[in-house]
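Please read the structure below before turning to the comments.
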Amino acid sequence: MLSVVPRPVVVRAPSKVNLHLAVGDLRDDGYHELNTVFQALSLSDTVSVVPAETLSVTVRGEDARVVPTDSGNLVWQAAEMLAAESGRRPDVEIAIDKGIPVAGGMAGGSADAAATLVGLNALWQLDLSREELDGFAAKLGSDVPFSLHGGTAVGTGRGERLLPVLSRSTFHWVLALAKGGLSTPTVFRELDRLRADGNPPRLGGPEDLMHALTTGDAATLAPLLGNDLQSAALSLNPGLRRTLRAGVAAGALAGIVSGSGPTCAFLCAEADAAVRVSAELAGAGVCRTVRVASGPVPGARIINDAAEGSH
Ligand SMILES: C[C@](O)(CO)[C@H](O)COP(=O)(O)OP(=O)(O)OC[C@H]1O[C@@H](n2ccc(N)nc2=O)[C@H](O)[C@@H]1O
Ligand SMILES: Nc1ncnc2c1ncn2[C@@H]1O[C@H](COP(=O)(O)OP(=O)(O)OP(=O)(O)O)[C@@H](O)[C@H]1O
């Protein structure tokens, strides 16, 4: 009797930057109202799910040692959520291959959670719709719906209410990965503290930036990048000022802190410029390491055909 080796479902999920991140006031539920424009980038994680005796999580790659492998991991929570929904045990082994910096402001955990929702929907043949998956994603975290959606999109609410945005061309980015991370809630709290102390300028709406996206011209887009969390991230990690200056000195069109940081994202004129900027930045002693990435790219997608496993 041939033993059938269960085939895994493998999903790739992108990282994100916020091209525009306007943070509104603190809501009663502890979240801030956002008006943001997300872009999904080619720097990604892959998550594989395969049937097993019991639920387990393993992590390889980028900062794997600081990523929880118990119910603290968002993929664990995603698996338990879908298992409860479908009245089954979460009998699955989840293997995460990380390329997205941990606690870096690029929605790494959110990407893995979105990948797990997509992977289990296929593995367990749940046939959940986009809307149903979006509902689970929003419960897992404010960035998870965008990790599912990918592309370029406006996020409102906590960031979980999405509207697709036309983005005509591919944009080329250099990412400066920092030593250590920043806790997202800590950065939001720091912004509230700074706002209580003074009245730092607040970003307006994303209209100008969205128009620039339709032109597809990086030089038009660059001066419109903005992030209300940047002042809070810089207050918590002042060394990032040097990183931001170094990226522009190396030839980037503009640089911003990615989401809650500490990763700094530099928009470059085109692919060759990004390679040159990354080489110069890597040698400038202002970050742990650098990555080159482009966007927009699709959201969480299966990259092997689960159907093969069922022949
Ligand atoms: C900073 C961003 O990455 C920008 O896209 C997101 O707003 C953060 O998304 P996320 O990490 O998925 O955030 P969640 O896991 O939903 O929330 C973590 C914590 O961040 C803070 N938080 C998050 C989202 C939001 N709109 N307002 C907030 O104040 C809250 O303290 C919350 O308890
Ligand atoms: N799959 C996961 N990958 C990375 N971190 C995870 C994961 N699951 C849980 N975590 C925990 O979440 C914390 C934040 O990690 P994550 O990489 O999601 O931050 P982030 O990219 O800044 O998120 P965001 O940009 O959405 O705020 C980590 O310190 C880690 O302890």
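Quick caveat: nothing in here was measured; it's all calculated off a predicted structure. If you read the sequence from its start, that first residue is 1, and numbering goes on from there.
For the pair D91 and L55, the minimum side-chain heavy-atom distance is 4.5 Å or more. Taking 4.5 Å as the limit, some side-chain heavy atom of I96 sits within range of a side-chain heavy atom of V57. A 4.5 Å side-chain heavy-atom check between V67 and N73 finds at least one atom pair inside the cut-off. Residues R301 and V118 form no side-chain contact, since every pair of their non-hydrogen atoms from C-beta on lies 4.5 Å or further apart. In this structure, the side chains of D97 and T46 come closer than 4.5 Å at one or more pairs of heavy atoms. Annotation: side chain of V174 is in contact with side chain of C268 (closest heavy-atom distance under 4.5 Å). Residues N18 and I256 have side chains not in contact (no heavy-atom distance under 4.5 Å, counting atoms from C-beta outward). With contacts defined as side-chain heavy-atom distances shorter than 4.5 Å, the pair V59/K98 qualifies.
The CG atom of L123 sits 12.0 Å away from atom CZ of R7, with the distance rounded to the nearest 0.5 Å. Remark: S294 OG to W173 CH2 distance equals 11.0 Å, nearest 0.5 Å. Annotation: the span from T215 atom OG1 to L221 atom CG amounts to 7.5 Å, rounded to 0.5 Å. L120 contributes atom CG, which lies 11.5 Å from atom CD of E80 (distance to the nearest 0.5 angstrom). Atoms OG and CG, on S231 and L194 in that order, are 5.5 Å from each other to the nearest 0.5 Å. S48 contributes atom OG, which lies 9.0 Å from atom CD1 of I94 (distance to the nearest 0.5 angstrom).
F146 and L34 end up in different hydrophobic clusters when Ile, Leu, Val, Met, Phe, Trp and Tyr side chains are linked at under 4.5 Å. When the side chains of ILVMFWY residues are joined at heavy-atom separations under 4.5 Å, either directly or via intervening members, W76 and V102 end up in a single hydrophobic cluster. Using a 4.5 Å cut-off between side-chain heavy atoms of Ile, Leu, Val, Met, Phe, Trp and Tyr, with links allowed through other members, L21 and L209 fall into different hydrophobic clusters. The cluster map of Ile, Leu, Val, Met, Phe, Trp and Tyr, joined by side-chain heavy atoms under 4.5 Å apart, puts L133 and L140 in the same cluster. In the hydrophobic clustering of this structure, L19 groups with M210; members are Ile, Leu, Val, Met, Phe, Trp, Tyr whose side-chain heavy atoms approach within less than 4.5 Å, directly or through other members.
Remark: side-chain polar atoms of H20 are paired, donor with acceptor, to backbone N or O of G204 under 3.5 angstrom. A distance-only check finds no donor-acceptor pair linking the side chain of D143 to the backbone of S110 [under 3.5 Å]. At least one donor-acceptor pair closer than 3.5 Å links the side chain of D228 to the backbone N or O of L203. At least one donor-acceptor pair closer than 3.5 Å links the side chain of N121 to the backbone N or O of L128. Proximity of a side-chain donor or acceptor of E131 to a complementary backbone N or O of S129 within less than 3.5 Å is not detected. Between the side chain of E33 and the backbone N or O of D25, no donor-acceptor pair lies under 3.5 Å. A side-chain donor-acceptor contact under 3.5 Å links S44 to the backbone of S42. Between the side chain of S258 and the main chain of G105, a donor-acceptor pair closer than 3.5 Å is present.
No hydrogens or angles considered: a donor-acceptor pair under 3.5 Å links the side chains of Q39 and T152. Side chain to side chain, S235 and E190 meet the donor-acceptor criterion of an N or O pair below 3.5 Å.
Scanning both residues, A293 and L43, for their nearest heavy atoms gives CB-N, 4.0 Å. The shortest heavy-atom contact between D217 and F171 is C-CE2, 4.1 Å. Nearest heavy-atom pair, H32 versus V23, reported as atom, atom and distance to 0.1 Å: CB-CG1, 3.7 Å. Nearest heavy-atom pair, G141 versus R158, reported as atom, atom and distance to 0.1 Å: C-NH1, 4.1 Å. Of all the heavy atoms in T263 and G104, the pair that sits closest is OG1-O, 2.8 Å. Between V144 and A114, the closest heavy-atom pair is CG1-N, 3.9 Å.
For R242, the CZ atom is loosely surrounded, since the number of other residues' heavy atoms within 6.0 Å does not exceed 12. The environment of D28 atom CG is sparse: at most 12 non-hydrogen atoms of other residues, nucleotides or ligands sit within 6.0 angstrom. Within 6.0 Å of the CZ atom in R88, the count of heavy atoms belonging to other residues, nucleotides or ligands exceeds 12. At most 12 heavy atoms of other shown residues, nucleotides or ligands fall within 6.0 angstrom of atom CZ in R60.
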**Q.** Step-by-step side chain to side chain contact (heavy atoms under 4.5 Å, CB included) determination, N304 to I302
**A.** CA-CA 6 Å; N304 74 330; I302 292 174; 3.7 Å; yes
Q: Apply side chain to side chain contact (heavy atoms under 4.5 Å, CB included) to L74 and Q77, showing your working.
A: CA-CA 5 Å; L74 273 177; Q77 297 164 35; 3.6 Å; yes
Q: Go through the steps to decide whether N35 and V154 satisfy the test side chain to side chain contact (heavy atoms under 4.5 Å, CB included), and finish with yes or no.
A: CA-CA 7 Å; N35 191 348; V154 173; 4.0 Å; yes
Q.
With side chain to side chain contact (heavy atoms under 4.5 Å, CB included) as the criterion, how do R195 and R202 come out once you've worked through the C-alpha distance, each side chain's angles and the decisive distance to 0.1 Å?
A. CA-CA 10 Å; R195 286 178 171 179; R202 295 189 179 200; 3.4 Å; yes
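When M106, K16, R291 are each tested for a side chain to side chain contact (heavy atoms under 4.5 Å, CB included) with I100, only one passes: M106.
A salt bridge does not link D134 with R161: every distance from a Lys NZ or Arg NE/NH1/NH2 to an Asp or Glu carboxylate oxygen is 4.0 Å or more.
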